[in-house]
Amino acid sequence: MPDRADARTETDATEDAAAGASAGGAGETRTAVRVQGLWKRFGDQVAVAGIDLELPAGKFVGLVGPNGAGKTTTLSMVTGLLRPDMGRIEVAGHDVWTDPVEVKSRIGVLPEGLRLFERLSGRELLAYNGRLRGLPGDEVDKRATQLLDVLDLAGSQHKLVVDYSTGMRKKIGLAAALLHNPEVLFLDEPFEGVDPVSAQTIRGVLERYTRSGATVVFSSHVMELVESLCDWVAVMAAGRIKARGTLAEVRGDAPSLQSAFLELVGAGGRDAGDSLDWLGGSR
Amino acid sequence: MSVLDAPVASAAPAAPTTGLTPIFVRLKLTLLRNGLRQSSGRRAVFIVSLVFTLLLAAGQVLGLVLLRGNADAGTVVVLLTGVVALGWAVLPLFFPSGDDTLDPTRLAMLPLRPEPLIRALLVSSMIGIGPLFTLCLVVGSAIALAHGAAGVVFAGLAVPLTMLLCVALSRAVATANVRLLNSRKGRDLAVLSGLVIAVGIQFVNFGAQRLGRAGGLSTLEPAGDVVRWLPGASAVASVDAASDGAYGTAVAQLLVTVTALAALMWLWQRTLVRLMTAPDGSTLAAAEPTREKASGRGGLAALLPEGRTATVMQRSLRYVARDPKTKAAWVTALAVGAIVPLLNAVQGTGSVYFACFAAGMLGMQMYNQFGQDTSAFWMVALTISSPRDAYVELRARAYVLLLLTLPFTLLVCAVTAALIGDWRSLPGALGLSFALLGSMLATGAVASALFPYSIPQEGAFKNVVPGQGGLAWISILGGMVAAGLLAAPVIVPTVWMHVTDRHDALWLMVPGGLVYGTLVGWAGLRIAARRTAARLPEILAAVSKG
């Protein structure tokens with residue numbers, strides 16, 4: 001699949017993004033995130049092997065890939081939580097590592113596998129996070145009340161986060177990430193372990209947020225979800241970008257994103273063959 | 001009596017009529033054996049602890065037998081039994097998952113009647129190293145006290161009664177708290193157990209020192225006289241009374257134990273029945289009404305100007321109150337920091353300068369600030385974009401420390417001086433405390449930035465994750481040596497004033513120590529802030545391993 005694999009140039013990608021943007025009626029093309037030559041090694045293992053990527057602004061961007069593809073590592077480096085070995089990252093036109101003041105005020109992050117301040121109640125966590133970001137107290141409290149309502153957490157706002165369920169944690173994490181109205185929102189596996197009702201709530205909030213022109217970048221390995229949510233997709237495997245572009249471009253001729261994805265990561269057509277021929281045979 | 005009703009008539013050709021007790025005893029033995037079979041390491045641990053316990057028990061028995069005839073034997077034995085009974089009551093709270101056969105939730109699906117179940121559980125609880133140790137101790141106590149036929153008769157009754165009481169006490173406490181122990185609050189409690197032990201050791205240490213001095217064992221007598229009538233020890237006390245010919249007292253003391261045992265059994269059965277028939281705890285927790293509380297800023301933070309300082313301080317103070325690890329560290333520091341100078345002063349061995357120990361202990365809380373955040377440090381890291389942000393963050397944490405430490409240090413210094421009656425040295429101790437506190441804040445902040453490490457959230461006795469032990473040592477040990485050196489400009493003149501007998505100039509050390517401590521602390525925070533801002537990803541990685 002040469003036309004959507006590594007060989008694609010950044011200009012192509014930008015043009016695609018432009019096409020997608022005008023089709024969506026969002027106006028001129030902007031780049032939310034620009035990544036150049038990003039590398040990260042842990043000991044002998046290469047987690048991210050030279051990524052070049054431009055994510056269009058105002059889109060719902062999906063970063064998809066199998067477990068261990070380097071999605072979390074990439075998102076951690078893009079958000080300034082992990083130092084890359086090499087490479088350059090710009091968010092909203094500002095370098096993440098040389099201009100943290102500009103970048104950190106513009107991004108919201110929901111990491112995967114990191115704790116929250118769990119001995120605070122949901123409301124206290126939002127109050128803490130908003131004030132730490134320098135918002136005025138009254139404004140923080142007003143926004144927190146609205147977010148807690150919309151995310152269906154109002155009933156549990158005074159419970160400690162340590163007693164929250166997985167879905168509730170994701171929702172309070174999302175609320176904390178949205179509180180300062182960031183330009184770009186990075187969500188690592190926001191739907192992992194989340195029940196369908198909470199997932200629908202999260203989805204509603206994110207859709208409303210992107211309609212305002214903001215960018216959401218989220219990682220997932222659930223293709224159906226990505227297919228139904230995203231305008232733009234980047235497929236990662238083994239630390240590299242295998243394909244990028246609008247959903248239609250990445251899907252190509254394949255019947256679904258799932259089958260296109262399996263083909264891209266080299267898992268398509270993998271069959272058990274004859275090795276399990278006894279399974280389901282005569283007993 | 002059949003207690004295991006067969007679910008389907010045909011499935012049980014002969015319902016077990018032998019009773020539940022042998023089944024539970026066999027189950028307990030099987031679990032013990034299978035546990036040992038699982039790994040050789042576990043077997044080794046079991047054998048070592050068995051040998052150790054037996055040696056200890058043998059030593060105890062020997063000691064108790066040697067005590068026979070001693071005038072204070074009664075008091076010592078009674079107190080010892082009381083402590084053991086107390087241990088049985090408290091232990092299940094700290095080590096909840098000790099025994100599978102005793103977990104009522106595992107039995108909830110079986111059709112069991114309460115009375116035989118209680119009996120079977122009671123008997124099977126008697127199997128194990130702990131009960132064996134207790135048995136040795138109680139038998140030794142009886143031997144130490146029993147004189148004459150009446151004494152022996154009462155001993156024959158007291159030994160099994162005390163054993164039963166200990167076990168029933170432990171089970172009743174565990175069952176009553178099983179819902180708590182299986183919840184987050186229970187796990188928090190288990191983390192706090194380290195604190196009880198740390199503080200307890202201090203008291204035992206000083207208690208032993210005190211006993212070793214003039215007065216000896218007879219100082220224990222008033223306590224012994226009270227404990228004689230408490231259920232855990234009253235049966236053993238009855239042996240003493242009977243041997244002395246006070247049969248009325250002996251019978252009354254025995255009755256106390258019997259009554260307590262009956263009450264405990266009744267309580268245990270009641271909670272067990274309720275536990276096994278009532279809805280599961282998780283359902284109840286979900287239905288629990290949530291606390292209604294005012295939002296956002298309350299208490300102290302309302303007094304402070306808005307901004308990072310107040311926000312960080314409020315969060316840190318909430319963690320001191322709510323996070324079991326942080327709370328345990330703080331309470332241990334406060335308790336040990338007060339106990340060491342005050343108890344020394346009470347015994348007349350101390351000096352006012354021992355009060356600096358309080359400042360030192362509390363200053364240690366500044367170390368590994370970000371490790372205390374766990375991986376939630378990412379929320380902090382995302383809001384630090386300059387050394388200025390890092391400085392304000394660290395300064396706010398130092399303020400919290402000072403808010404708790406300064407009044408505490410003043411109090412400990414003053415009380416120590418009052419106890420010793422050496423008011424002349426108080427200014428010196430205060431000045432030294434301020435300088436030490438400032439130095440600890442400075443080195444603690446720098447160590448937090450340069451040598452962060454993860455603090456495991458579970459377990460009372462693990463404060464460093466495997467692989468970071470060296471880091472923690474460098475951080476704390478190096479930091480303390482550095483803090484001592486940093487405080488030298490105040491230590492040296494203080495010592496000099498004492499040596500040259502210029503006590504009237506010691507008051508100079510109060511403003512001197514205060515100014516010096518503030519300067520050193522400020523400089524340390526400045527240095528630490530720059531390093532923190534530059535090392536955010538590295539700090540996050542280091543504190544996320546727990």
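Chain letters run A, B, ... following the sequence lines, proteins first and then strands; every chain starts at 1.
Only the backbone of B/Arg535 comes within contact range of chain A, with at least one heavy atom under 4.5 Å from a heavy atom of that chain. If you measure heavy-atom distances from A/Ala144 to chain B, you find no contacts under 4.5 Å at all. A/Leu82 touches chain B through its backbone: at least one of N, CA, C or O sits under 4.5 Å from a heavy atom, while the side chain does not. Using a 4.5 Å cut-off between heavy atoms, B/Asp373 contacts chain A through both its backbone and its side chain. Both the backbone and the side chain of B/Leu382 come within contact range of chain A, judged by heavy atoms closer than 4.5 Å. Heavy atoms of B/Ala534 lying under 4.5 Å from chain A belong exclusively to its backbone. With a 4.5 Å cut-off on non-hydrogen atoms, A/Leu126 does not touch chain B at all.
Between A/Arg169 and A/Glu118 there is a salt bridge, since a side-chain N of the basic residue sits under 4.0 Å from a carboxylate O of the acidic one. Electrostatic pairing of A/Glu139 and A/Arg131 does not count as a salt bridge here, judged by no charged N lying under 4.0 Å from a carboxylate O.
Counting non-hydrogen atoms of neighbouring residues, nucleotides and ligands closer than 6.0 angstrom, the CZ atom of A/Arg143 exceeds 12 such neighbours. Within 6.0 Å of the CZ atom in B/Arg530, the count of heavy atoms belonging to other residues, nucleotides or ligands does not exceed 12.
Your options are A/Thr79, A/Leu132, A/Val101, A/Thr145, and the one with the most heavy-atom pairs under 4.5 Å with chain B is A/Leu132. Chosen from A/Asp99, A/Asn129, A/Val162, A/Leu135, the residue pairing most often with chain B at heavy-atom distances under 4.5 Å is A/Val162.
Taking 4.5 Å as the limit, every side-chain heavy atom of A/Val217 sits out of range of all side-chain heavy atoms of A/Leu187.
Put simply, CZ on A/Arg106 and CG on A/Leu185 are 15.5 Å apart, with the number rounded to the nearest 0.5 Å.
In summary, the aromatic rings of A/Phe186 and A/Phe218 are positioned with their centroids too far apart to meet the 6.0 Å limit.
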